[in-house]
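Read the structure below first, then the notes.
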There are 2 protein chains.
Amino acid sequence: MFLIDSKSGVPFYRQIIEQVKFAIGRGELQPGDRLPTVRQLAVDLSINLNTVIRAYRELEIEGMLDTQQGSGTFVSSRKPDINGLERQRMLDQILTDMLARASSYGFTIDDLLKGLQQRKENE
Amino acid sequence: MFLIDSKSGVPFYRQIIEQVKFAIGRGELQPGDRLPTVRQLAVDLSINLNTVIRAYRELEIEGMLDTQQGSGTFVSSRKPDINGLERQRMLDQILTDMLARASSYGFTIDDLLKGLQQRKENE
DNA sequence: TATATTGTTATAGTCATATAGTACAATATA
DNA sequence: TATATTGTACTATATGACTATAACAATATA
């Protein structure tokens, strides 16, 4: 369900937090839905249990999640507000990073567009 | 000339590296151009001298910069020479990384295509 | 030559992140 | 009730990033 990019420089727990928020924002996670157990997610992502706990705890403090010892962690019924603005900023960031990297090797936006287009067709 | 986002979670020295590469890739920094001194950039960005040094050193190792003690740090005149195959592999890598990151946030290839297209038009 | 400027090196300390391992507490389930 | 599963708490350790500070080395310039 979630993915960790260990090369991005962004702390794992932050990546988890962001992805949970966006999943909720997109409706993939509905209020009441159960999240992976802390142990399971730690195994899936090959990271430490404590790192998952840290992410879940922050989300609980923010009111996004409800945790119940013994039963699991659930999406809170209080609807959090995932704004499109944050989402747009994330996309911008991804594009900026990629462009910086690509242009340092002399690639143009057209090169990227072409490459992306090919991948789309091969899906 | 450069900007640091202290809230992004991305290490300062990595941000500097990316921005220098970006500037070179876009032609804003030409071979032979002099970069800010390590001390000056540290002051400008309100970060530590060692952090700037670290960024410049990595860029020098990569062949992007030439440093000359006493006179400054300059954009290397050695053009990074990679053959077409390596180049293609590099582009694939960049695209793969971006897609992994983007999809983890729920973005589709179309989202990326659209975002790229917009940037192209705004150039 | 003398001085300033530039990059370099080194030491030490703080903080955040992540890991490993162990044990405990609450709940669900057989 | 007994057991498994879930989240929680804690200690210890390691590493990376960043900072503070000081001294050193090479070059440019007055």
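Here is the naming used below: chain letters follow the sequence lines, and residue numbers restart at 1 for every chain.
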Base versus backbone protein contacts along nucleotides 22-30 of chain C [heavy-atom cut-off under 4.0 Å; B, S, -]: -B-BBBS--
Could you check whether [X] gets within reach of a base, just the sugar-phosphate, or nothing at all, counting any heavy atom under 4.0 Å?
{"X": "B:R34", "value": "sugar-phosphate"}
{"X": "A:I47", "value": "sugar-phosphate"}
{"X": "B:F12", "value": "sugar-phosphate"}
{"X": "A:Y13", "value": "sugar-phosphate"}

Side chain of A:P11 (C-beta onward), nearest among C:dT17, D:dG7, C:dG7: C:dT17
Atom [atom1] of [X] and atom [atom2] of [N]: how far apart are they, to the nearest Å?
{"X": "A:Q15", "N": "C:dT17", "atom1": "CD", "atom2": "C1'", "result": "12 Å"}
{"X": "B:R54", "N": "C:dA10", "atom1": "CZ", "atom2": "C1'", "result": "15 Å"}
{"X": "A:I4", "N": "C:dA18", "atom1": "CD1", "atom2": "P", "result": "8 Å"}
{"X": "A:L41", "N": "C:dT19", "atom1": "CG", "atom2": "P", "result": "12 Å"}
{"X": "B:E60", "N": "C:dT6", "atom1": "CD", "atom2": "P", "result": "18 Å"}
{"X": "B:I61", "N": "C:dT8", "atom1": "CD1", "atom2": "P", "result": "11 Å"}
{"X": "B:F74", "N": "C:dT5", "atom1": "CZ", "atom2": "C1'", "result": "12 Å"}
{"X": "A:L59", "N": "D:dG7", "atom1": "CG", "atom2": "P", "result": "14 Å"}

Contact under 4.0 Å: A:T73 side-chain N or O vs D:dT6 OP1/OP2: no
Phosphate OP1/OP2 of D:dG7: any A:R57 side-chain N/O under 4.0 Å: no
Output side-chain donor-acceptor pairs under 3.5 Å for residues 106-114 of chain B, partner residues at least two apart or in another chain, one line each.
residue	atom	partner	partner atom	Å
B:T108	OG1	B:D110	N	3.3
B:T108	OG1	B:D111	N	3.1
B:T108	OG1	B:D111	OD2	3.3
B:D110	OD1	A:K120	NZ	2.9
B:D111	OD2	B:T108	N	2.9

Could you measure the distance from the [atom1] atom of [X] to the [atom2] atom of [Y]? Nearest 0.5 Å is fine.
{"X": "A:M98", "Y": "B:L99", "atom1": "CE", "atom2": "CG", "value": "8.5 Å"}
{"X": "B:E18", "Y": "B:L59", "atom1": "CD", "atom2": "CG", "value": "9.0 Å"}
{"X": "A:Q15", "Y": "A:L45", "atom1": "CD", "atom2": "CG", "value": "9.5 Å"}

Degree of bending in the helix from C:dT1-D:dA30 to C:dA30-D:dT1 once both end axes are built from five pairs, to 10°: 20°
Which residues share a side chain to side chain donor-acceptor pair (under 3.5 Å) with A:R34, sequence neighbours left out: none
All side chain to side chain donor-acceptor pair (under 3.5 Å) counterparts of B:D33, not counting sequence neighbours: none
Comparing A:N48 and B:I53 on DNA chain C - which has the more 5′ nearest nucleotide: B:I53
Salt bridge (charged side-chain N to carboxylate O under 4.0 Å, His left out) partners of B:R14, counting only residues at least two apart: B:E58
B:T67 and B:R57 side chains, donor-acceptor separation under 3.5 Å: no
Flag for A:Q40-A:D44: side-chain donor and acceptor within less than 3.5 Å: yes
Side-chain heavy-atom pair A:I47, A:L41 within 4.5 angstrom cut-off: no
